[in-house]
Amino acid sequence: MDNQKVKKAVLPVAGYGTRFLPATKATPKEMLPIIDKPLVQYAVEEAAQIGIKDIIFITSHTKESIEKHFNRSYELEDKLITSKKNTYLEKINPDLFKDLTFTFINQEEQLGLGHAISLAKNEIQDEPFAVLLPDDLFFSEPSCMSQLLNVYNQYKSSVIAVNKIDKANIHKYGVISSKDNASPYKIDFIVEKPHAKDAPSNIAVCGRYILSSNIFEHLENVKKDDSGEIQLTDAIQSLLEKEAVMACLYEGEKYDCGSKKGFVEATIKLALNDDSLKKDITSFIREIVE
Ligand code: G1P
């Protein structure tokens, strides 16, 4: 991976979003808005901000609104111009997206995150690439992807974002272990969703990765887990037996928007970050909790 730039990102968006039913019956989970922007757009912006040019969605036929959202809508643009609402043009077609190419690959069967990533093989070829799981929303400066890119540039190896988690929640995540005492950690071992008693540490995988394209041959070789899914974590364990994989302790705030709690928290947090809402929302919260 010597000096190879990270130009492509894979975003798996084919999941059913069952935790948000009935909202997700006709609307993809990734299109649910946090304030005025769909969840998936935050991940696309984070990727674009580190210079990624190709966004590859692993999607399903039920999710065409994601494709519509990232395609230009000339009809709407014309309408906004003729009705002198030009300020909205930047909102529907942000400058940041001008150089981006969006590709949509259909995942016909839901066979897990590892399977989803494996479908991007032909698009990625032999370049290092980013993976962003849009459910995880990160707020920080520099961004989570930018923190990973720094480690990637330094070590020229795959790197995944991690954070420290209490044992009670560790069974929801991939968990790593390392002999290193501080970040970036060289990973010795990684396991998907262990029971708290078996977890090798309290350091859990968050939904941002930069991976060597060698991951594809490992994805081809890993076996399905007990639930019939191909886990990315298992392929990373197999990869790190051949080449270094680093973990970067993410500095910033993270919201799990795949859960209702995280989704609501992220909404409140973004409202409080928004100058046009902050004052009203702060007094509203004070009023209802007193
Ligand atoms: C996936 C990964 C897991 C990781 C998590 C981060 O799990 O398989 O290793 O810790 O994302 O959000 P999921 O949340 O899709 O079940």
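Order of appearance sets the numbers: ligands from 1, and atoms from 1 within every ligand.
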Please report, to 0.1 Å, the donor-acceptor pairs under 3.5 Å made by any side chain of residues 137-144, with sequence neighbours excluded.
residue: Ser140; atom: OG; partner: Pro142; partner atom: O; Å: 2.8
residue: Ser140; atom: OG; partner: Tyr250; partner atom: OH; Å: 3.0
residue: Ser143; atom: OG; partner: Ser146; partner atom: N; Å: 3.1

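- Contact of the Ile176 side chain with the Val191 side chain is not registered, since no non-hydrogen atoms from C-beta on lie closer than 4.5 Å.
- Taking the ring centre of Tyr152 as origin, the terminal cationic atom of Lys156 falls inside the region bounded by 6.0 Å and 45° from the ring axis.
- Screening residues 209-227 for salt bridge (Lys or Arg N to Asp or Glu O under 4.0 Å), with sequence neighbours left out, gives Lys121-Glu220.
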Report each N/O pair between ligand 1 and the protein that falls under 3.5 Å, naming both atoms.
residue: ligand 1; atom: 7 (O); partner: Lys193; partner atom: NZ; Å: 3.4
residue: ligand 1; atom: 8 (O); partner: Glu192; partner atom: OE1; Å: 3.3
residue: ligand 1; atom: 8 (O); partner: Glu192; partner atom: OE2; Å: 2.7
residue: ligand 1; atom: 9 (O); partner: Gly174; partner atom: N; Å: 3.1
residue: ligand 1; atom: 9 (O); partner: Glu192; partner atom: OE1; Å: 2.7
residue: ligand 1; atom: 9 (O); partner: Thr233; partner atom: OG1; Å: 3.4
residue: ligand 1; atom: 10 (O); partner: Gly174; partner atom: N; Å: 2.9
residue: ligand 1; atom: 10 (O); partner: Val205; partner atom: O; Å: 2.7
residue: ligand 1; atom: 12 (O); partner: Asp136; partner atom: OD2; Å: 2.8
residue: ligand 1; atom: 16 (O); partner: Lys193; partner atom: NZ; Å: 2.6

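- Listed by chain and number, the residues in a side-chain contact (heavy atoms from CB on, under 4.5 Å) with Leu100 are Val44, Ala48, Ile55, Phe97, Phe102 (sequence neighbours excluded).
- At a threshold of 4.0 Å, the pair Glu127-Lys5 does not count as salt-bridged, since none of the basic side-chain nitrogens sits closer than that to a carboxylate oxygen.
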